[in-house]
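Any value given below was found using the heavy atoms of this structure, including those in side chains, with hydrogens, waters and symmetry copies removed.
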Amino acid sequence: MNAKARIYPRPTNKSDIQPRKMDFEFDERIPRYWFAGDQFKTLLLSALSCTFPEGERFFVRSVRHYQRDIQDPVLREQVKGFIGQEAHHGNEHEAFNAFLESKGIPASKVSEFVLRGLKWQAKRMSPARQLAKTCALEHFTAMLAETILEHPEMLEGMDERMLPLWLWHAIEESEHKAVAFDVYQDQVGSYWVRTSEMAVTTVEFIGFTIFHYIQLRQGMDDKRDLRSVMRGMNWLLGKPGWLRRLGRSYRAYYRRDFHPGKKDSRALREQGLARLEALMARLEAAA
């Protein structure tokens, strides 16, 4: 495995958003509860991963619908980078979800539910609403991604062999965080549609994350660890309260002058890339 070639890819478009084809492999010796041996944390991130392949494809379709109408040459190239990155995210998380299945975590149960749900929504939502939902979810993923990059301790205790997947995904989510938003502003521009869809999506995001966690938990063959759930709630909402830390960034989305690029995260991404390179080199040497 040549980590450097993957982390610093050859350009595929004329923007600074370049897809990285990683081809992660997941060692069968990695334990079922790969996040600090903790049931809640492992299943929470697993629930998110289960939504990614179909979710990323939804994002791509919603942006691609408007792709031919974009006149700005810079944005056109950024869209190519966005599509490439999201396609690779979907592929890598499909491989990861297959690993989860091998460990007795019923990832396919969630991914099939997500596929049905997105098909149902696509039939009932306008292209503008679908793009607005993509912008909302991209804001969620960017907030989470940049929290991971700014606070590596958030993933403290995760099996080191799993870290590259989440770190790589976080870097690229931060890189393309403004693309869907810029397409929306260029092609739709409605403040009401953008903010009202964020309100709806917020309820869906929280509700379905809880529901998918329950789906995974009900399909498993061991007992629920209630202490793990209590620790997890404290991890999210108490101390350190990672979810609570997103409040200011979340509320900013409702401002009329909001733009994801107002937060310059280049230094965070550079630090993340350096950490990812060192981590992958160490794992390759150990292998």
State, yes or no, whether a side-chain contact exists between [X] and [Y] at a heavy-atom distance under 4.5 Å.
| X | Y | result |
| --- | --- | --- |
| Lys109 | Leu216 | no |
| Asp16 | Glu175 | no |
| Trp235 | Met154 | yes |
| Leu45 | Met158 | yes |
| Met220 | Pro106 | yes |

Are [X] and [Y] within salt-bridge range, i.e. N to O under 4.0 Å?
| X | Y | answer |
| --- | --- | --- |
| Glu94 | Arg57 | yes |
| Glu92 | Lys21 | no |
| Arg76 | Asp186 | no |

Would you say [X] and [Y] are hydrophobically clustered, going by side-chain heavy atoms of ILVMFWY under 4.5 Å?
| X | Y | result |
| --- | --- | --- |
| Ile210 | Val229 | yes |
| Leu243 | Met233 | yes |
| Val193 | Tyr191 | no |

Looking at [X] versus [Y], is the centre-to-centre ring distance below 6.0 Å?
| X | Y | result |
| --- | --- | --- |
| Phe40 | Tyr213 | yes |
| Tyr250 | His139 | no |
| Trp166 | Phe35 | no |
| Phe96 | Phe24 | no |
| Phe211 | Phe113 | yes |
| Phe82 | Phe59 | no |

Would you check if there is a donor-acceptor pair between the side chains of [Y] and [X] at a distance under 3.5 Å?
| X | Y | result |
| --- | --- | --- |
| Glu56 | His88 | no |
| Ser15 | Gln78 | no |
| Tyr33 | Asp222 | yes |
| Arg129 | Ser190 | no |
| Glu86 | His89 | yes |
| Thr141 | Lys177 | no |
| Gln18 | Glu172 | no |

For Val200 and Glu204, what are the C-alpha separation, side-chain angles and deciding distance, and is it a side chain to side chain contact (heavy atoms under 4.5 Å, CB included)? CA-CA 6 Å; Val200 172; Glu204 291 178 340; 3.9 Å; yes
Give the minimum heavy-atom separation between [X] and [Y], together with the two atoms involved.
| X | Y | value |
| --- | --- | --- |
| Lys262 | Asp257 | NZ-O, 2.7 Å |
| Ser111 | Glu54 | O-CG, 4.2 Å |
| Ala180 | Leu131 | O-CD1, 4.2 Å |

Looking at Tyr8, I'd like to know if the NZ or CZ of Arg20 sits under 6.0 Å from its six-membered ring centre while staying within 45 degrees of the ring's axis. no
Report the C-alpha separation of His151 and Trp242 in whole Å, then their side-chain angles, then the decisive distance to 0.1 Å, and conclude whether the side chain to side chain contact (heavy atoms under 4.5 Å, CB included) test is met. CA-CA 10 Å; His151 300 281; Trp242 298 114; 3.5 Å; yes
Is there a side chain to side chain contact (heavy atoms under 4.5 Å, CB included) between Glu197 and Met125? Walk through the geometry before answering. CA-CA 11 Å; Glu197 194 58 44; Met125 295 176 68; 3.8 Å; yes
Can you check side chain to side chain contact (heavy atoms under 4.5 Å, CB included) on Glu138 and Phe181, steps first, answer last? CA-CA 8 Å; Glu138 281 289 296; Phe181 188 91; over 6 Å; no
List the steps and the verdict of side-chain hydrogen bond (donor to acceptor under 3.5 Å, both in side chains) for Glu28 and Ser102. CA-CA 8 Å; Glu28 63 181 11; Ser102 75; over 6 Å; no
